[in-house]
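Everything on this sheet refers to the single structure shown next.
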Amino acid sequence: MSATADHAEERTGLAARLGFQPEQVVQELGYDEDTEQELREAIEEHTGTELVDEDYDDVADAVLLWFRDEDGDLTDALVDAIGLLEEDGMICLLTPKTGRDGYIEPSDINEAARTAGLSQTKTISVGKDWNGSRLATPKAAKTGGGRR
């Protein structure tokens, strides 16, 4: 396998580890110039669909939420994101790593998720500056979440 193929597989593997599935509609919120472009591309490659933005007018299978401390109330953002999802959808919350501008304490993420009615199922590093937390609705947690 070539180095390029290895890199592509590694990228799409990250999208899969975050819980994204082929053919999912993924709505992206909080995009800015500091977002991890390589992760965005990996999600599109893995799902086979382009990310849709906040103007998308249908329900999504998953929400990709980039969130920084200065973006407001995390619980409110999560509740809003839930309203954009299919019944068994999931939210991938991306927050800056420790020491980066906009960092959010893990305990604050956990509390906001619980308050919004979500369960945190996985947290992984998704790049140099970002961590990703997979958050599931109660229905998605029972069914495995998302389309198959």
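In terms of heavy atoms, Thr137 sits closest to Glu87 at OG1-O, 3.4 Å. Closest non-hydrogen pair, Thr95 versus Trp130, comes out as C-CE3, 3.3 Å. Shortest non-hydrogen contact noted between Thr35 and Gly30 is CG2-O, 4.2 Å. Heavy-atom minimum distance, Gly19 versus Gln24: O-OE1, 4.2 Å. In terms of heavy-atom proximity, Ala15 sits nearest to Ala42 at CB-O, 3.8 Å. Of all heavy-atom pairs between Ile109 and Leu93, the closest is CG2-CD2, 3.7 Å.
By the 6.0 Å contact criterion, CD on Glu54 is enclosed, its count of non-hydrogen atoms from other residues, nucleotides or ligands being greater than 12. No more than 12 heavy atoms of other residues, nucleotides or ligands shown are found within 6.0 angstrom of CG on Asp101.
No donor-acceptor pair closer than 3.5 Å links the side chain of Asn131 to the backbone N or O of Lys97. Between the side chain of His46 and the main chain of Phe20, a donor-acceptor pair closer than 3.5 Å is present.
Neither Leu118 nor Leu18 shares a network with the other; the hydrophobic side chains, linked directly or stepwise wherever heavy atoms of I, L, V, M, F, W or Y lie under 4.5 Å apart, form separate groups for each. Put simply, Leu14 and Met90 are part of the same group of oily side chains (I, L, V, M, F, W, Y) that touch within less than 4.5 Å, one to the next. Phe67 and Tyr103 sit in two unconnected hydrophobic clusters of ILVMFWY residues. Membership requires side-chain heavy atoms under 4.5 Å apart, directly or through other members. By the rule that hydrophobic residues join a cluster once side-chain heavy atoms approach within less than 4.5 Å of another member, Val63 and Leu39 end up as members of separate clusters.
With contacts defined as side-chain heavy-atom distances shorter than 4.5 Å, the pair Leu94/Leu64 qualifies. Residues Leu85 and Ile91 have side chains in contact (heavy-atom distance under 4.5 Å, counting atoms from C-beta outward). With a 4.5 Å cut-off on side-chain heavy atoms, Gln120 and Ser133 count as touching. The shortest side-chain heavy-atom distance between Trp66 and Arg40 falls under the 4.5 Å cut-off. At least one side-chain heavy atom of Glu44 sits less than 4.5 Å from a side-chain heavy atom of Leu51. Looking at Glu28 and Val26, their side chains never come closer than 4.5 Å, going by heavy atoms from C-beta outward. Counting only heavy atoms from C-beta outward, the side chains of Leu84 and Val59 never approach each other to under 4.5 Å. You'll find the side chain of Tyr56 reaches within 4.5 Å of the side chain of Val25, heavy atoms only.
Rounding to the nearest 0.5 Å places CD of Glu45 at 13.0 Å from CD of Glu50. For the atom pair CG (Leu29) and CD (Gln27), the distance works out to 5.0 Å, reported to the nearest 0.5 Å. In this structure, Thr75 OG1 and Arg114 CZ are separated by 10.0 Å, a value rounded to the nearest 0.5 Å. Rounding to the nearest 0.5 Å places CG of Leu65 at 8.5 Å from CG of Leu135.
Contacts of Thr49 classified as side chain to side chain donor-acceptor pair (under 3.5 Å), with partners at least two apart in sequence or in another chain: Thr47. Every residue two or more places apart in sequence or in another chain that forms a salt bridge (Lys or Arg N to Asp or Glu O under 4.0 Å) with Arg68 is listed here: Asp34, Asp71. Here Arg100 pairs with Asp129 under the salt bridge (Lys or Arg N to Asp or Glu O under 4.0 Å) rule; sequence neighbours left out.
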